[in-house]
Amino acid sequence: MNDPSDLSAERAALRNALQELEAVAYKGNHRTPAVKEANDRLERIGCARPLKTGAVSKWFTWGDPATDFRFLWALVQVLRERAGRPPAGTLMGPYRGPAASEWQYHHELWKIRWEQAKLTPPRRTSLDEGLLRYLAGARAAAAAHPYLGLYDPDLDDAEGTPPPLTEVYVRQQRRLAGPGCAPRPPRRLPARTRRSRSWQRRAHLRGHRRSGRREIHTLLRAQVRKAADQWLADKHSAGKRSRPVPVWVSAPRTPVGKTTHVHECFATASDVLPDHGRNPSPPPERFLQLPCAGAHWQLLVDGLDELPNASERRAVLEKLKTAIAEDPPLYRCVVATRPLPHNELGVLGDTASRYELQPFAPEDVHAYVGKYFNTRWPQPEATHRAEEFTLSALCGASLAEPARTPLMAFMLCQLYLAQPERPLPAGRSAVYTQFTGLLYLHNKSREVADSHEQAMHHLLTDLQTAKARRKAAAAAKQIHEQLPELIDYLAYQWLTGQPTSAAEAVASLMAVHRPDDVPAKRWQAFLDDLLRHSGLLYHHADGLGFPHQTFLEYHAARYATRNTHARAHAGQALFRWTPSRDQPWPPGLEPSYVGFLLDQLLHGADARAVCDQWMTRMTDDPLAALDFLASQIWLRTGLPGQPTATLLTNIAVDPAIPDLSRVDAARTLASMDGYAEDALRLLGTLATDVLEHGAHSNAMRGLLEVGRRATGAANILTTLATDTAFNPTSRVQAAEGLTRLVGHTEKGARFLAALATNTTLENSDRVWAAQTLAGVEGYEDEGARLLATFMADTNVDAFRRIYAAQSLAKMPGHAEEGTCFLATFAADGNPDHVRCSAAKALAEVGEHDEEAARLLAMLATDSTVWVNTRAYAAIALAEFGGHAEGGGHAFSPWSSPTPLSTATSDAGLRA
């Protein structure tokens with residue numbers, strides 16, 4: 001090693017820390033006296049082997065870790081003392097405790113540095129040129145817009161290219177769900193959904209039940225792009241141990257035969273990215289080795305839910321389980337899928353962390369729209385249009401909820417860009433109808449008609465006789481004229497599990513067979529060209545397909561209801577199902593597809609009869625049908641308004657029905673167009689009823705949601721906020737709801753201030769009221785004053801004081817006040833679990849990262865601290881951005897030797 005700058009980051013950190021300490025202690029003088037004194041100390045504790053000056057020089061030049069931490073610590077002690085720090089244990093009185101804590105902190109800090117240096121190779125390691133070319137190709141593919149196949153380039157920039165994913169991507173939230181998730185200490189304060197900061201060695205990411213696979217696909221693309229960016233920006237390791245090299249793995253393309261080796265499976269399945277460079281995919285044998293020292297293969301497994309049966313899915317999961325169990329560990333994996341039966345995922349074991357991808361939050365929708373509009377208009381105009389779009393256009397078309405899925409947000413943006421003055425379509429099917437029309441009829445840059453003419457001309461090339469040319473031309477013209485019907489037919493066949501080719505489809509649907517004089521390959525190429533140039537299908541690794549599952553469902557539903565006979569057949573198949581607790585969904589049908597079917601069935605000539613038949617099925621067991629109805633209303637399926645509202649109202653007022661279901665029915669009613677006032681009255685009544693706790697909280701949330709759209713909300717919320725017999729937590733919620741209503745902000749703020757200063761209430765409710773008031777525009781200072789009062793009040797319990805300080809620290813102009821309190825509270829003089837909570841709160845503020853990490857590390861490594869508190873500190877440190885490995889190291893010295901609690905075991909797993 002000839003260049004000290006070529007060190008791994010861990011060894012460089014150790015070297016730099018030693019050099020800085022020596023500079024303070026000796027100011028350029030030689031270190032030999034310090035080495036001699038360190039040897040004297042080592043001899044007194046029984047270490048026979050003395051330090052040699054040459055070996056110590058390598059610590060300061062190359063960051064070589066000592067063979068034993070005691071050697072390093074002996075020298076560090078000497079240097080710290082010569083830099084002016086009093087020796088441990090020499091101070092008396094009030095200074096003794098802080099000095100001892102400081103020495104303990106530095107002991108643990110240097111131990112972590114030493115351990116990290118021991119666990120990493122001396123040099124920063126590099127990927128070979130083949131992998132760098134692969135990452136360049138992967139990055140280019142992943143940066144492409146996820147809906148490229150649906151993009152109308154005439155609507156945006158002059159070059160006709162979609163905006164890169166980096167320009168419009170908005171990160172979706174995901175939450176821990178199911179086995180493999182470390183338990184959280186119980187909190188009375190409401191927990192907010194977090195954004196996961198790290199990927200585990202084994203993780204399962206599933207979509208929310210209202211998410212499509214494309215949303216998960218987009219998230220994995222972002223992971224590929226992020227990891228590739230990091231490698232290509234710095235071709236050496238950045239010093240984080242076990243850095244990922246992403247490999248996209250398509251589950252449907254994974255060969256799972258018993259004779260197929262793991263590395264061959266992934267090499268085959270990973271070749272699914274477009275060719276964005278030379279040799280973009282690693283050869284199979286490359287997967288038998290680490291990408292380089294200090295790195296691992298990160299398998300991003302997509303499309304598991306596309307496999308047709310449970311046995312095939314299990315086979316893929318078994319291969320993954322085998323891969324990640326290999327020693328030495330070569331692979332880590334993330335499995336992305338839409339929801340599957342829970343027992344199928346048990347193959348991965350309970351140690352696999354599981355996350356659920358959440359729909360866009362309302363602010364995420366606004367951010368996405370703003371980014372998208374900014375590709376068309378200057379920033380001020382884009383911002384103005386985005387606000388108008390999200391606050392007015394989406395709500396006016398009742399599409400605010402569906403727009404929380406990225407695909408729907410994308411389509412609505414495209415429709416708006418096409419005709420900003422035109423109202424958005426009402427209902428999901430109407431959106432798909434307009435959008436497919438926009439693609440098929442108005443995509444000038446694809447020149448659909450010209451492309452089809454060229455495809456037909458190419459088909460006739462080389463046909464020698466006039467008769468053959470006439471036959472081929474007639475067949476081509478018939479197919480061209482019936483192309484929309486062909487697309488619908490293909491969608492239906494594919495949805496129902498029949499892998500029909502285009503040639504088979506035209507033969508079956510139109511009785512058009514390949515002309516004898518046309519070669520089979522040319523005929524298939526002609527059909528593929530027609531379909532592809534329509535803009536509704538695109539080529540992927542396995543051939544033609546729809547760019548999103550919902551487009552497949554939309555076109556399949558069109559075919560299933562194409563005429564009177566087909567509508568009758570589809571209705572009979574659907575209405576054979578009666579909702580029950582054992583079968584709450586139509587068997588074998590996705591709710592999304594059922595929604596498209598119902599839209600077609602409920603808007604035809606026989607709509608009245610279909611409506612009566614449908615409502616009969618729903619009223620047979622309304623409680624069993626509630627979840628299904630809620631999903632269809634969320635999808636904006638065109639259900640009959642009054643009958644559906646009556647059914648939901650009957651559920652909400654029936655005392656024999658469980659409380660949670662009654663509240664769910666009222667909240668579902670609130671999401672229907674024209675029924676906000678009815679839902680408001682129901683939720684107001686339910687909120688004041690004696691309900692179980694979860695139902696009561698849901699009722700309050702529903703009341704606040706519908707309050708913005710119902711004229712009578714202010715009166716109900718005022719009554720709830722001022723009723724002293726009402727639950728104090730709900731009174732705070734009601735006052736908060738008032739602050740969000742136009743014309744009632746001052747009244748709501750006044751109620752919040754009164755609740756915050758009401759000494760008869762619990763401190764948790766008072767602090768929450770102050771925190772809420774601090775978030776109301778125009779009342780920030782009053783809220784901050786109340787928070788500061790709670791923070792300093794020793795009569796308030798420690799956790800509420802920490803929460804008040806954390807809230808204050810996040811406010812502009814008050815950050816220093818809050819963070820200083822948290823740092824002081826976490827340092828010493830308080831119970832360990834309180835100190836840990838304060839340190840974690842400081843970490844979440846984000847302005848004092850190193851101080852928070854230092855405090856958490858000190859708690860996690862202190863053997864005198866209660867084991868569960870140490871575990872909680874280790875978990876917090878492991879989750880803390882940039883300190884995942886530190887959490888693992890802080891945990892490792894004490895996680896194994898003794899039987900520990902569940903929290904402790906999970907801390908080791910998470911770290």
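- Between the Asp364 side chain and the Ala361 main chain, a donor and an acceptor come within less than 3.5 Å of each other.
- Note that CD of Gln549 and CG of Leu495 are 6.5 Å apart. Values are rounded to the nearest 0.5 Å.
- Under a 3.5 Å cut-off, the side chain of Asp599 and the backbone N or O of Gly638 do form a donor-acceptor pair.
- No side-chain donor-acceptor contact under 3.5 Å links Glu590 and Ser592.
- Of the options Thr668, Leu669, Ile657, a side chain to side chain contact (heavy atoms under 4.5 Å, CB included) to Ile651 is made by Ile657 and by none of the others.
- Taking CG of Leu394 as the reference point, atom CE of Met408 lies at 10.5 Å (rounded to 0.5 Å).
- When side chains are defined from C-beta on, Leu537 does not count as touching Phe551, because their heavy atoms never get closer than 4.5 Å.
- Nearest approach of Arg667 to Gly702, heavy atoms of both residues: NE-CA, 3.6 Å.
- Between Leu598 and Leu574 the shortest side-chain heavy-atom distance falls below 4.5 Å.
- Between the Arg558 side chain and the His555 main chain, no donor and acceptor come within less than 3.5 Å of each other.
- Below 30°, between 30° and 60°, or above 60°: for Tyr372 and Phe410 the angle between ring planes is above 60°, a perpendicular geometry.
- The pair Glu401-Arg404 meets the salt-bridge criterion, since a charged nitrogen lies less than 4.0 angstrom from a carboxylate oxygen.
- The line from CD of Gln434 to CD of Gln414 is 13.0 Å long, rounded to the nearest 0.5 Å.
- Taking the side chain as every heavy atom from C-beta outward, Leu490 and Leu531 approach each other to under 4.5 Å.
- Heavy atoms only, all atoms of each residue included: Met700 and Ala687 are closest at SD-CB, 3.8 Å.
- At a cut-off of 3.5 Å, with distance as the only test, a side-chain donor of Gln642 or Tyr675 sits close to an acceptor on the other residue.
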side-chain contact (heavy atoms from CB on, under 4.5 Å) between Ile633 and Leu648, intermediate numbers included:
CA-CA 11 Å; Ile633 291 171; Leu648 292 170; 3.9 Å; yes

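- Residues Thr561 and Arg567 approach most closely at O-CG, 3.5 Å, considering heavy atoms.
- Rounded to the nearest 0.5 angstrom, Leu304 CG and Arg313 CZ are separated by 6.5 Å.
- Considering every non-hydrogen atom in both Leu686 and Ala666, the closest pair reads CD1-CB, 4.0 Å.
- With sequence neighbours excluded, no residue forms a salt bridge (Lys or Arg N to Asp or Glu O under 4.0 Å) with Arg422.
- Atom-to-atom distance recorded for Leu703:CG and Leu717:CG is 5.0 Å, nearest 0.5 angstrom.
- Under the 4.5 Å side-chain criterion, counting only non-hydrogen atoms from C-beta, Leu635 is not in contact with Pro402.
- Side-chain atoms of Trp494 come within 3.5 Å of backbone N or O of Thr500 as a donor-acceptor pair.
- Here the closest non-hydrogen pair linking Ala560 and Leu597 is CB-CD2, 3.9 Å.
- Note on ring orientation: taking the six-membered ring where Trp is involved, the planes of Phe373 and Tyr416 are parallel (angle under 30°, cut-offs 30° and 60°).
- Under the 3.5 Å distance criterion, the side-chain polar atoms of Arg636 are left unmatched by any main-chain donor or acceptor of Leu399.
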Derivation and outcome, side-chain contact (heavy atoms from CB on, under 4.5 Å), residues Arg562 and Asp488
CA-CA 9 Å; Arg562 64 195 179 279; Asp488 292 345; over 6 Å; no

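- Counting only N and O atoms by type, the side chains of Thr550 and Tyr432 include a donor and acceptor under 3.5 Å apart.
- Judged by distance alone, the side chain of Glu481 and the main-chain N or O of Gln478 form no donor-acceptor pair under 3.5 Å.
- Side-chain contact between Phe596 and Arg428: present, with at least one pair of heavy atoms (C-beta onward) separated by less than 4.5 Å.
- Between the CD atom of Gln613 and the CG atom of Leu601 there is a distance of 9.5 Å, given to the nearest 0.5 Å.
- For the pair Gln632/Pro591, a side-chain contact is recorded, criterion being any heavy-atom separation below 4.5 Å from C-beta on.
- Nearest heavy-atom pair across Ser429 and Tyr554 is O-CE1, 4.0 Å.
- Using a 4.5 Å heavy-atom cutoff, the side chains of Leu623 and Asp654 are not in contact.
- Two residues are said to be in side-chain contact when any heavy atoms from C-beta on lie closer than 4.5 Å; Val594 and Phe628 meet this criterion.
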